[in-house]
Structures are given as C-alpha cells and as structure tokens.
There are 4 protein chains.
Amino acid sequence: MTPQATPQNGTVRVTVWSENRHEKRDELVARLYPDGMHGAVKAGIEENLGSKVSVRTATLDEPEHGLTEEVLANTDVLTWWGHMSHGDVDDEIVERVHGHVLAGMGLIVLHSGHWSKIFTKLMGTSCTLRWRSEQDRELVWTVDPTHPIAKGVPHPIVIDQQEMYGEFFDIPTPEELVFISSFSGGEVFRSGCTFRRGHGKIFFFSPGDQDYPVYHHKDVRRVIANAVEWAVTDRPERAYPELLRYETNDFFNGKSYQGATA
Amino acid sequence: MTPQATPQNGTVRVTVWSENRHEKRDELVARLYPDGMHGAVKAGIEENLGSKVSVRTATLDEPEHGLTEEVLANTDVLTWWGHMSHGDVDDEIVERVHGHVLAGMGLIVLHSGHWSKIFTKLMGTSCTLRWRSEQDRELVWTVDPTHPIAKGVPHPIVIDQQEMYGEFFDIPTPEELVFISSFSGGEVFRSGCTFRRGHGKIFFFSPGDQDYPVYHHKDVRRVIANAVEWAVTDRPERAYPELLRYETNDFFNGKSYQGATA
Amino acid sequence: MTPQATPQNGTVRVTVWSENRHEKRDELVARLYPDGMHGAVKAGIEENLGSKVSVRTATLDEPEHGLTEEVLANTDVLTWWGHMSHGDVDDEIVERVHGHVLAGMGLIVLHSGHWSKIFTKLMGTSCTLRWRSEQDRELVWTVDPTHPIAKGVPHPIVIDQQEMYGEFFDIPTPEELVFISSFSGGEVFRSGCTFRRGHGKIFFFSPGDQDYPVYHHKDVRRVIANAVEWAVTDRPERAYPELLRYETNDFFNGKSYQGATA
Amino acid sequence: MTPQATPQNGTVRVTVWSENRHEKRDELVARLYPDGMHGAVKAGIEENLGSKVSVRTATLDEPEHGLTEEVLANTDVLTWWGHMSHGDVDDEIVERVHGHVLAGMGLIVLHSGHWSKIFTKLMGTSCTLRWRSEQDRELVWTVDPTHPIAKGVPHPIVIDQQEMYGEFFDIPTPEELVFISSFSGGEVFRSGCTFRRGHGKIFFFSPGDQDYPVYHHKDVRRVIANAVEWAVTDRPERAYPELLRYETNDFFNGKSYQGATA
C-alpha cells in the first residue's frame with residue numbers, strides 16, 4: 001500500500017511499541033505500570049500534545065508484533081521500548097521498520113531499546129554501555145538549549161531513582177547531543193541524541209526503566225512529546241532513497257539504475 | 001586467536017581487498033589494471049608509505065575471500081573495493097570484518113564499495129546515490145584543510161575522467177567531511193568522509209572506478225595512503241566494546257553482564 | 001527595555017537589514033532591485049509566510065543603522081545583507097546585535113554578509129573564500145533532505161547566473177550542512193550552513209548578489225523563508241547566557257558570580 | 001618575519017603561556033606550584049614527550065606578554081592558562097595570537113582560559129558556565145575512545161579535588177567531544193573539546209585550577225601532552241586563509257582580491 005503524506009490533516013499519527021512482557025510477569029512492573037509501559041508512554045504523549053496527535057499502541061505478542069505494513073504506512077512517528085525479548089522480534093519486521101525509517105518515518109528509541117535489533121541496525125555499532133541498577137539519582141542536563149526537544153524542561157531534570165547507564169556508549173557520534181546525564185555514582189551518559197538515517201529522524205532517550213516509575217515523570221513525558229513533534233518529517237511524501245542514473249544536464253529525470261553494478 | 005597489539009614494531013599492516021572480477025572478464029579493465037585494481041591500490045600505498053607499511057592483498061574468489069580470522073587479526077587497516085559482486089560476499093565474513101572494525105581495525109572503503117555489505121552494515125542506511133558514467137571530469141576540493149587525510153594534495157585534485165557520483169548520498173552525516181567533489185555535469189558529492197564505529201576508524205573515498213585509471217593517479221594514491229595512516233587505532237589492543245556491570249564507586253572492575261536483559 | 005517573549009501571538013517578527021548603497025549608486029542594481037535588495041528579501045519572506053510573519057526593514061544609513069535596542073528587542077529573526085560597506089557598521093551596533101543573538105534572536109546571513117562584522121565575530125574565523133563574478137550557473141544541492149530549511153525546494157535549485165563563491169570557505173565546521181553548491185566553472189561551496197551560538201540559531205545562505213536577480217528567484221525566497229521559521233527560538237524568553245555559582249545539591253538557584261575570577 | 005615550516009626537524013616547539021599572578025600573591029598557589037603553573041604544565045609536557053618537544057614559557061608581565069611576533073612565528077603549539085587578569089591581556093597581542101591560530105598554530109586552552117579574550121574571540125560566544133569551588137571530585141570520562149587525545153588515560157580519570165565547572169557551557173558545538181566530566185555534586189561538563197578555526201587546531205581541556213594540584217596529576221599531564229601532539233598542523237607552511245579571485249578553469253593561480261567588495 002502507498003503510505004500517506006504525513007502528517008494527515010495536521011494530526012501526527014504515533015504508534016507506541018513495547019514488549020509488554022515484564023508487565024505480565026513481574027508484580028513490581030505491573031504495579032508501576034498498570035496500563036503497561038506502552039500505556040504510560042502513550043498517556044505522556046497525549047498529556048502534552050492533546051489533539052495534535054493520534055496515538056495507538058502495538059506490542060510484541062500481537063500478530064506481526066502489531067507492526068503490519070498498513071500500521072507502519074499510517075505511522076508518522078514510532079516509539080520503541082524493548083528489553084528482555086529483543087531476540088524475539090522477527091527479522092522481517094525489523095527490515096520493514098528499517099525501510100519505513102529510511103523512507104521518512106520518525107523513530108524514538110527509549111532506554112533499553114539501545115539493544116533492539118532496529119536500533120543496532122540503524123547505528124551499525126554494538127550499542128553497548130556501562131550499567132548498574134541500584135537506585136541511582138539521574139540528573140539530565142541540557143547541553144543544546146536551543147533544541148526543540150529540550151523545550152520547556154528544567155535544567156536539570158531530576159529523576160530520583162533510575163538504573164545507571166554509563167559511558168562508553170558505543171554509538172556513532174550523535175548528529176546533535178541534546179542531553180547528558182549524570183548518576184549519583186558519578187557516571188555520565190549521552191542520554192539524548194539525534195541521528196538522521198535516509199529520510200528519517202531518530203531520537204534516542206535513555207531515561208526510563210521497567211523497575212522505576214520514570215514514564216510517569218512529567219519532564220520525561222515532555223521530552224518524549226517534544227521528540228515526537230521533532231521527528232515528524234518535513235517531506236511531503238514517504239519515499240525510500242533510490243539510486244538513479246541522470247543524463248548530463250538533466251538533473252530531474254532519473255532513469256532506472258540498470259547497469260549500476262554491471 | 002588473539003589479535004596482536006597494533007601496529008607491530010611501528011609497521012602498519014595493511015590488507016587491500018578487491019573483487020578482482022572485472023579484471024578477469026573485461027579487456028579494458030585488464031588493460032588499465034594489469035596487476036588488478038588491488039595491485040594498483042597496493043602500489044599506491046607502498047609508493048607513499050614505503051617501509052612504514054606492510055601490504056598484502058586478498059580477493060573475493062580466495063577461500064574465505066582471503067579474510068580469515070588470522071588475516072584480520074593481523075591487519076591494522078583494511079581497504080575495500082567491490083562493485084559487481086557485493087552479493088557474493090559471505091554474510092559470515094561480513095560479520096567477521098564488522099567485529100574487527102568495532103574492535104579497532106581501520107577500514108578504507110573505496111568508490112563503489114559504498115554498496116558493499118560491510119559499508120551499509122556500518123552505516124545503517126541505503127548508501128544509494130546519483131550516478132552516470134560518461135567521462136566527467138571530477139574535481140576533489142578540500143573543505144577541511146587541517147585534516148591529516150588532506151595532507152599534501154593539490155586543491156583541487158583534478159581527475160580528468162571519472163564516473164559521476166552525485167547527491168543525495170544516503171549516508172549518516174559524516175563525522176568529518178574532508179572532501180567535496182564536483183563533476184563537469186554540475187553534480188556535487190561528499191567524496192571524502194570519516195566515521196567512527198566502536199573502536200574503529202572508517203574513511204570513505206569515492207574517486208576510483210574500474211573503467212578509468214583513477215588508482216594510478218598520484219593524488220588519489222596519496223589520499224588513500226594518508227587515510228591508511230589516519231585509520232590506525234591509537235588504542236594499545238584490539239577489543240570489542242563490551243557491556244559490563246559496575247558497583248557503585250568502582251569504576252574499573254566491570255562484572256559480567258548477567259542480568260542485563262532480565 | 002525587556003525583550004518580549006518570542007514570537008508574539010504566534011507572529012514571527014522579522015527585521016530585514018541591508019546596506020542599501022549599491023541600489024543608490026549603481027544603475028544595474030537599481031533596475032534589478034527597484035525596492036532595494038531589502039525590499040526583495042522582505043517580499044520573498046512575505047510571499048511564503050504571509051500572515052505568519054510581520055516584516056520590517058532597516059538599512060545602514062538610518063540612525064543607529066535602524067537597529068536600536070528597541071527594534072532588536074522586538075525582532076525574532078534578523079536577516080543581514082552587506083557588501084561594500086562592512087567597515088561602516090558601527091562596532092557598538094555590532095556588539096548589540098551579537099548580544100541579542102546570544103540571547104536568542106535568530107540570524108540569517110546572506111551572501112556577501114560572510115564578511116560582515118557580525119558574522120566574523122560569531123564565527124571567530126576570517127570567513128574568506130574563493131570567488132569570481134562571471135555569470136556562472138549555480139546549482140544548489142540538498143545534502144540534508146530532512147532539514148526543515150530544505151523543505152519544498154527542487155533538488156537542485158538552478159540559478160542561471162551568479163557570482164561564484166568557492167572553497168576553501170574559512171568558517172568553523174557547520175553544525176548542519178544543508179546545501180552544497182556547484183558552479184559551472186567547477187567550484188563547490190558549502191552554501192547552506194547552520195550554527196548555534198549561545199541561545200541563538202544562525203543560518204548562512206550564499207546565493208544572492210547585487211548584480212544578479214537572485215532575490216527574485218522563487219526557490220531562493222523559499223529557503224530564506226524556511227530559515228526564518230527555523231531560526232525562531234523555542235525558548236520562552238530572551239536571555240543572555242550567564243555564569244552563576246551553585247551550592248552543592250542546589251541546581252536551580254544560582255548566586256551572583258562574585259569571586260569567579262578572584 | 002616569515003614563520004618557519006612546522007615542526008622544525010621533527011621537534012614540536014611549544015610555548016606555555018600563563019598569567020603567573022596567583023602564584024605571586026597567594027601562598028597556597030605558590031606552595032602548590034613552586035615553579036608557577038606554567039612550570040608545572042611545561043614539566044608535564046616534557047615528562048610525556050621528552051625529546052619530541054622543545055618547550056618554553058611566557059607570562060603576562062613580560063614585555064608583550066612574552067608573545068612577540070618572533071616567539072609566535074616559532075611556536076607550533078601554544079597553551080593558554082589565565083584567570084584573574086584576562087582583562088590585562090593587550091588587544092593587539094590577542095589579534096596577533098588569533099592571526100597565528102588561523103594561519104596554523106595549534107592552541108590548547110586550559111581551565112579558566114575559557115574566559116580569555118583569545119578563546120571567546122575564536123568561539124564567538126560568551127563561554128560562560130556554571131561553577132562552584134568546593135573540592136568536588138571530578139571524573140573525566142572518555143566518550144571518543146579512538147581519539148588520539150584520549151590515548152593512554154584511564155576511563156575515567158579520577159581527580160580527587162577540583163573546582164566544579166558545569167553545563168550549560170556556552171560554546172559552539174564542539175567538532176569532536178572527547179571527554180565529559182562529572183562532579184560529586186552531580187553536575188556534568190563537556191571537559192575535552194576540539195575546534196578547528198582557519199588552519200589552526202584548538203583543544204579546550206577544563207581540568208586544572210590554581211587552588212588544586214591538578215597540573216601535577218599524571219593523567220591530566222598525559223592529556224595535555226597528547227593534545228600538543230594532535231594540535232601540530234599537518235600543513236607544510238603557516239599561512240593565513242586568503243581570499244583570491246580565480247579565472248574560469250584556472251584553479252591554482254589566484255589573483256588579488258581587487259574588486260571583491262566594490
């Protein structure tokens with residue numbers, strides 16, 4: 001099917017994806033996130049963007065993980081949270097999401113999503129990091145105060161309890177570094193990073209964990225909502241970058257790539 | 001086997017990889033490159049770096065494409081040229097090369113190598129571009145005159161006949177943009193780009209084609225040699241980035257990552 | 001006076017600054033730009049942004065160059081064109097504009113404005129370049145297709161006659177490189193570049209000259225209008241970055257900087 | 001006088017500049033730095049680079065602050081420490097140093113040098129920051145492990161007592177971000193940043209203060225020494241970037257810039 005021009009009628013169509021497994025197995029997580037982590041992320045986006053967005057959710061155990069071609073073709077921005085079951089995400093679905101990102105769908109990768117198949121595929125690196133889960137306090141400092149993703153949040157954002165993620169974080173140098181976090185143990189982390197891949201805009205944001213109520217935090221929700229607005233493409237249509245042959249002095253009528261690799 | 005500290009005794013160990021198929025099938029290419037394209041690239045590096053390097057070659061049709069674990073473990077910098085047979089490179093070998101790059105092996109990707117499996121895997125994008133093969137003149141302009149890769153080449157480098165590669169080139173924003181090329185048809189191209197992935201340094205350089213004698217060009221050879229020197233890691237040992245758990249106030253004794261995804 | 005929160009009531013307040021001297025002395029320029037170059041730039045912004053903007057102009061020979069504290073305090077985005085009279089801009093006014101940029105006013109620097117006092121002061125470099133005025137054709141290629149400043153323009157923009165500006169352009173590495181131009185003579189130029197300084201967003205765009213009708217070009221006007229929208233700060237108030245002393249564990253109540261340099 | 005090709009005979013000529021005023025007035029500083037802070041920085045460079053460098057010092061109260069045209073013409077890399085007397089540095093000397101940096105002299109700016117005239121002139125921003133001097137522990141984390149400036153230092157570098165410098169640090173986005181520091185109070189700081197201006201390479205490194213023995217710290221010394229090696233230009237001669245006019249199809253014989261601003 002042909003993806004629609006985005007966003008439709010000015011409404012940004014968001015799909016919040018999450019594993020939704022910790023919530024079913026672990027009482028603590030179920031108590032922290034009674035509507036699932038996806039429910040909390042969805043509520044945070046709606047709380048900030050109201051009628052400017054239309055948000056649906058999709059989870060790992062739905063058919064095609066809830067990410068059919070039709071769903072993706074009608075998604076302007078996808079958010080991704082995964083942790084214990086990265087390996088259960090079907091490679092074919094990963095390819096599908098990857099294609100949509102390169103064609104212009106925005107992608108917000110949250111916290112332990114750093115090790116998801118889709119993020120490591122887009123980065124090309126191991127995306128490994130230093131960690132500890134001991135209720136550190138996290139402070140999220142803005143180092144790019146003019147960036148739209150940092151709009152309206154305190155400097156720093158204070159998160160009372162969090163898992164520690166520390167450097168070295170094996171990612172490509174971010175195109176824009178928006179936030180740097182410190183933890184009470186002394187570690188630092190590039191916690192808010194933008195990347196562009198193909199026609200798609202990507203934001204990685206590390207705060208958020210199944211064992212802490214981080215997705216109920218007002219400022220964390222604001223950042224995710226800001227990122228949703230930022231990640232919407234300015235291009236009128238979703239199109240995969242494509243190699244074409246151009247005759248001399250014809251800049252606009254690409255021909256098929258026949259012969260490119262012959 | 002354990003990779004050796006690099007470089008050994010100050011000598012940079014280079015492996016020049018090439019498909020070596022056009023040379024066997026196409027008389028023009030065989031005439032332009034009687035020692036193979038890999039032979040020309042090797043000669044260009046030796047011409048510039050002399051005893052500072054030890055250069056071997058490896059080609060697609062050798063067992064394991066000439067890229068055994070032992071060869072890679074003893075390679076400080078790998079150069080890569082491929083074109084018509086990207087699909088014939090074994091996925092397992094691509095994984096192996098990818099691991100060595102993340103662990104610190106330098107990688108120089110040449111020309112049509114933009115569509116190689118290893119480059120697209122490291123970039124996370126389609127690496128597509130605009131092209132035409134009609135004997136355009138290419139001018140290679142230095143936009144980062146303090147970069148070591150630009151050392152000693154004229155501004156611009158003049159290449160009388162070349163295939164045209166044009167924008168939009170679907171790569172992540174380069175960490176450093178060293179060269180921009182123009183073509184007589186009016187197109188432009190980010191022709192010299194650096195990237196860092198894991199502990200590895202990567203340089204993409206677009207001049208060079210099987211149908212033109214570009215790898216015999218003095219300045220093109222100088223750039224490739226400069227890039228070889230630049231891509232050697234400063235780290236004392238080759239090590240894959242690894243996730244570890246650190247106790248509070250212990251920054252140096254990482255524990256196993258048991259539980260990281262539980 | 002206290003600058004107003006920007007933008008007021010959603011209307012972006014733009015001040016188009018120009019020397020307005022060539023127009024008075026040179027018949028060709030007067031014919032190309034009967035309303036002055038500032039008139040053409042203003043018309044281009046209004047043509048694209050309509051009621052979203054309120055545009056005024058200011059020129060060199062007005063008192064305080066038309067850039068009083070009051071005008072700047074009520075300007076969200078300032079555009080700057082200068083050429084023959086950079087030296088006549090008063091240093092005190094340059095300081096005033098510089099302060100407003102660091103405090104959050106957007107700045108669009110056009111063409112020969114590369115040598116203006118305000119641009120070189122913000123860049124810290126010579127901003128020198130290679131040039132020739134011989135009616136070259138300029139092609140403006142988009143290398144960052146997801147950037148809002150590139151929205152809605154053809155790839156490439158074709159400008160039939162232009163002054164040539166070529167590399168090496170002595171600027172700091174742009175934070176985002178949006179456009180690269182080629183000229184019929186073969187030169188290339190980083191023609192669309194963003195920079196952030198303090199709380200202000202800056203865009204340099206090279207197309208445009210007094211001897212060619214470039215500011216009547218539909219796509220050039222679109223880029224300038226896009227840049228105006230992009231350069232509006234997201235911060236709620238205009239405030240100069242300020243050093244403050246913070247007690248341990250108090251992140252939000254900075255004290256005076258007494259003693260900072262003692 | 002004509003600057004010499006750099007470096008001479010392979011020996012890097014370093015000039016360590018410092019105010020040398022705290023040392024004379026403040027007993028604590030005199031005790032920490034009996035040979036002056038410049039003496040400690042000089043010793044640290046020599047300790048690491050030995051016969052590869054030739055290091056001299058220059059201080060504020062010498063004639064021309066010890067930075068005559070002859071001294072600068074024979075300096076490959078200049079290090080700069082200032083704090084209480086930035087205002088006493090003569091504007092003419094600042095212009096002279098600025099010209100040499102744009103022409104290719106390396107510059108290492110240390111700690112409170114962030115507010116020196118030369119650094120703010122090169123950055124174009126206020127260079128303000130958040131601070132506190134209360135014996136925080138500083139941890140210096142490497143976020144660019146392949147960078148030559150990070151070679152051979154532990155991750156993190158532990159500095160037991162330091163002045164706190166925190167974000168937001170009002171600098172242009174660094175071209176390379178090598179180090180991020182955290183402080184025991186929870187603040188973070190981009191503590192190791194590279195910039196390129198003209199033909200010159202610049203490194204800012206924040207650890208170091210007159211009230212703490214930071215310039216005797218082994219790893220801090222190693223970083224400064226690494227930076228000295230990195231900042232040496234690869235260009236064969238020192239030359240200020242210059243605007244020239246080029247005829248069509250002549251890329252190498254620039255003519256005088258007569259008429260450029262007429």
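Just so it is clear, the model here is predicted, and its values are computed rather than measured. Lettering follows sequence order; numbering is per chain, from 1.
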> Checking B/I180 against chain C: side chain, backbone, both or neither under 4.5 Å from a heavy atom?
Replying inline: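 For B/I180, the contact with chain C is made by backbone and side chain together.
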> Considering residues at least two apart in sequence or located in another chain, which fulfil the ring-ring contact (aromatic ring centres under 6.0 Å, His included) criterion with B/F183?
Replying inline: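 Applying ring-ring contact (aromatic ring centres under 6.0 Å, His included) to B/F183 gives none.
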Across chain B and chain C, what donor-acceptor pairs are shorter than 3.5 angstrom?
from, atom 1, to, atom 2, distance (Å)
B/W141, NE1, C/G186, O, 3.2
B/H155, NE2, C/E167, O, 3.1
B/H155, NE2, C/F168, N, 3.4
B/E167, O, C/H155, NE2, 3.1
B/F168, N, C/H155, NE2, 3.4
B/S182, OG, C/G186, O, 2.6
B/G186, O, C/W141, NE1, 3.1
B/G186, O, C/S182, OG, 2.6

